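One structure below.
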Number of protein chains: 2
Amino acid sequence: MLELRLVQGSLIKKVLESIKDLVNDANFDCSATGFSLQAMDSSHVALVALLLRSEGFEHYRCDRNISMGMNLGNMSKMLKCAGNDDIITIKADDGSDTVTFMFESPTQDKIADFEMKLMDIDSEHLGIPEAEYQAIVRMPSAEFARICRDLASIGDTVVISVTKEGVKFSTRGDIGTANIVLRQNTTVDKPEEATIIEMTEPVSLTFALRYMNSFTKATPLSSTVTISLSTELPVVVEYKIAEMGYIRFYLAPKIEEDEDEHETKPQV
Amino acid sequence: MLELRLVQGSLIKKVLESIKDLVNDANFDCSATGFSLQAMDSSHVALVALLLRSEGFEHYRCDRNISMGMNLGNMSKMLKCAGNDDIITIKADDGSDTVTFMFESPTQDKIADFEMKLMDIDSEHLGIPEAEYQAIVRMPSAEFARICRDLASIGDTVVISVTKEGVKFSTRGDIGTANIVLRQNTTVDKPEEATIIEMTEPVSLTFALRYMNSFTKATPLSSTVTISLSTELPVVVEYKIAEMGYIRFYLAPKIEEDEDEHETKPQV
DNA sequence: CCCGATCCCA
DNA sequence: TGGGATCGGG
């Protein structure tokens with residue numbers, strides 16, 4: 001028996017909006033600890049890890065560990081039927097092959113229940129080792145989204161370079177090049193507007209903008225984002241979910257291209 | 001000679017927005033009583049009845065009963081040319097085969113007149129008998145629209161079930177099932193937010209969501225909607241038009257499907 | 001938080 | 001061409 005009640009139902013709606021374009025089907029794992037998900041994107045390039053800790057729910061009952069395979073597109077369809085201030089409860093009976101989403105309006109005048117079939121999904125649950133990163137950038141999530149969107153209109157990849165002065169996002173495309181530099185800035189009115197760099201060593205890595213732009217779908221979940229970088233490790237783009245956990249996106253860097261790769265003439 | 005002047009011209013704009021997708025061509029009937037229309041939708045499944053009483057117009061002159069056949073798409077195109085706070089006058093000369101829409105801006109600085117050809121339309125003007133209904137639900141129109149839209153993302157038909165406790169909207173589709181229950185609730189701050197059930201007998205009927213969603217195009221005309229249900233009678237979905245009349249949509253229920261219809265094995 | 005308007009996608 | 005989503009305003 002599983003019963004998870006979340007007063008701020010819009011959180012789970014936003015979570016699904018942020019991953020449904022990246023991952024088609026995934027197992028949600030439920031244990032006493034919390035409600036979590038780990039899945040590769042459909043092209044097996046990026047990885048999503050979600051954690052919603054049990055303490056963040058108003059009611060959390062999970063009698064035994066359970067893994068529920070869901071089609072995220074269908075789940076998202078159902079969650080769209082919840083109002084933004086509805087209370088959402090996720091229920092599953094032991095041995096059932098369905099999950100029920102219950103939506104209660106704040107006034108209790110409307111109660112909806114949506115039942116969805118579960119799926120069997122092979123999941124290779126990777127252990128993700130906690131790593132030390134050479135650089136961790138925290139910045140406003142909306143600004144990061146804007147930068148990724150802007151750069152994607154020029155090129156396909158972004159080079160993220162961190163020094164202790166700041167972070168630089170660069171791209172190059174047919175029509176030209178672009179560089180956006182953010183200086184470290186901790187002296188702002190609101191802490192969520194700060195750009196903060198923790199760095200042990202300068203680092204410069206290249207990533208596909210297409211995936212970065214997918215990750216920024218999670219922007220509504222948090223006003224800040226942290227980007228953790230280390231040579232030869234996947235970047236971690238993390239959005240904290242207030243009081244509950246996080247959603248993290250992992251993406252391997254591209255191998256540095258030869259500067260001359262665009263030359264049409266063959267190399268000697 | 002016909003001349004109908006309506007200060008709140010946006011009303012007639014909204015009326016056309018709410019029926020132009022359902023009905024292609026229709027006769028507007030004008031008499032001393034008012035301006036009315038009755039038409040089947042283009043697939044001859046649903047029926048629309050509109051009444052705008054003469055008392056609701058600031059000036060109403062209709063020398064003799066007249067029926068004017070109009071293409072609602074073209075009429076809507078013209079009405080879109082009126083500002084939302086324009087005064088709209090509908091004019092037709094006796095024996096003319098055209099109708100003129102005149103739009104006056106509130107400041108009188110702009111006066112437009114649009115002339116449209118009338119059409120000859122066969123219309124079987126059905127007498128719609130006033131019926132007694134087993135259940136009449138009054139609820140916020142926006143909520144009804146939201147429910148029909150949400151359910152249409154899951155299934156094709158809605159079962160509306162009324163008991164004295166409340167009204168339930170249910171559907172079923174490939175990805176799962178959905179039930180939305182509204183409790184009767186008369187204790188709200190604003191009367192238009194109430195959900196009120198008048199019922200002599202419980203009733204449960206099935207309708208095509210496609211039509212329901214067409215009907216909800218009339219939502220801007222009224223903050224509440226009433227849904228009148230009786231076994232084997234068409235449902236009536238009515239939006240009152242303040243001070244003037246109503247727009248009513250009629251739709252026959254679907255015959256209740258056999259529970260086993262989805263079985264793959266043939267019935268014995 | 002709801003509403004309307006505009007823009008974009010299907 | 002219609003519906004949905006997003007953005008801006010009340």
Side-chain angles (χ1 to χ4, degrees), chain A residues 7-11 13-21 72-88 103-110 140-143 145-146 148-150 152-153 210 213-214 216-221 223, chain B residues 8-11 13-14 16-24 41-43 71-77 79-86 139-156 173 188-195 208-225 239 242:
Chain A
V7 168
Q8 198 184 341
S10 60
L11 271 187
K13 283 172 61 111
K14 287 177 191 164
V15 164
L16 259 101
E17 282 313 291
S18 67
I19 59 178
K20 75 167 201 310
D21 294 331
L72 300 192
N74 293 342
M75 183 175 172
S76 164
K77 259 191 197 173
M78 290 191 168
L79 292 175
K80 278 191 183 150
C81 300
N84 275 330
D85 41 6
D86 281 1
I87 298 164
I88 296 184
F103 311 142
E104 300 167 68
S105 71
T107 58
Q108 298 289 320
D109 293 332
K110 180 164 93 170
S141 59
E143 184 151 35
R146 173 68 193 259
C148 291
R149 192 178 43 137
D150 285 350
S153 71
R210 173 176 161 223
N213 272 313
S214 251
T216 62
K217 295 278 186 347
T219 302
L221 281 165
S223 57
Chain B
Q8 197 184 342
S10 61
L11 270 188
K13 284 171 59 105
K14 289 177 191 165
L16 260 102
E17 283 312 293
S18 67
I19 59 179
K20 75 167 201 314
D21 295 330
L22 205 56
V23 180
N24 296 327
D41 85 289
S42 36
S43 50
N71 174 288
L72 300 192
N74 293 340
M75 182 174 174
S76 165
K77 265 189 196 171
L79 291 175
K80 277 192 182 150
C81 302
N84 274 331
D85 39 4
D86 281 2
M139 61 182 285
S141 60
E143 184 150 36
F144 178 63
R146 171 74 193 257
I147 289 169
C148 290
R149 197 185 41 151
D150 284 348
L151 292 187
S153 73
I154 309 293
D156 296 328
V188 282
D189 294 346
K190 300 171 187 170
E192 65 266 29
E193 290 171 1
T195 298
L209 277 166
R210 175 177 159 220
Y211 290 99
M212 286 292 173
N213 272 314
S214 250
F215 303 164
T216 63
K217 295 280 187 346
T219 303
L221 282 165
S222 173
S223 59
T224 64
V225 62
Y239 297 85

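Order of the sequence lines sets the chain letters (A, B, ...), proteins ahead of strands, with each chain counted from 1. As the structure is a prediction and not an experimental result, all values here were calculated from the model.
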Item to check | Interatomic spacing from CZ in B/R210 to CG in B/D156 - rounded to 0.5 Å | outcome: 10.5 Å

Checklist entry - Excluding sequence neighbours, so at least two apart, what forms salt bridge (Lys or Arg N to Asp or Glu O under 4.0 Å) with A/D150? => result A/R146

Checklist entry - Can you tell me how far P of D/dT1 sits from NZ of B/K77, to the nearest Å? => result 8 Å

Next on the checklist: Counting the atoms with a prime plus P, OP1 and OP2 as sugar-phosphate, which does A/D85 contact under 4.0 Å by heavy atoms, base, sugar-phosphate, or nothing?
Outcome noted: sugar-phosphate

Checklist entry - Roughly how many Å is it from CG in B/L72 to C1' in D/dT1, rounded to a whole number? => result 17 Å

Item to check | No-hydrogen, no-angle side-chain donor-acceptor test under 3.5 Å, B/Y211 and B/T216 | outcome: no

Checklist outcome for this item: Heavy-atom closest pair (A/S18 atom, A/L221 atom, distance to 0.1 Å) is OG-CD1, 4.0 Å

Identify all side-chain donor-acceptor contacts of residues 73-88 of chain A below 3.5 Å with residues at least two apart in sequence or on another chain.
from	atom 1	to	atom 2	distance (Å)
A/S76	OG	A/E17	OE2	3.0
A/D86	OD2	A/G83	N	2.8

Checklist outcome for this item: Each nucleotide of nucleotides 2-10 of chain D classed B (base within 4.0 Å of a protein heavy atom), S (only sugar-phosphate) or -, in 5' to 3' order, makes SSSS-----

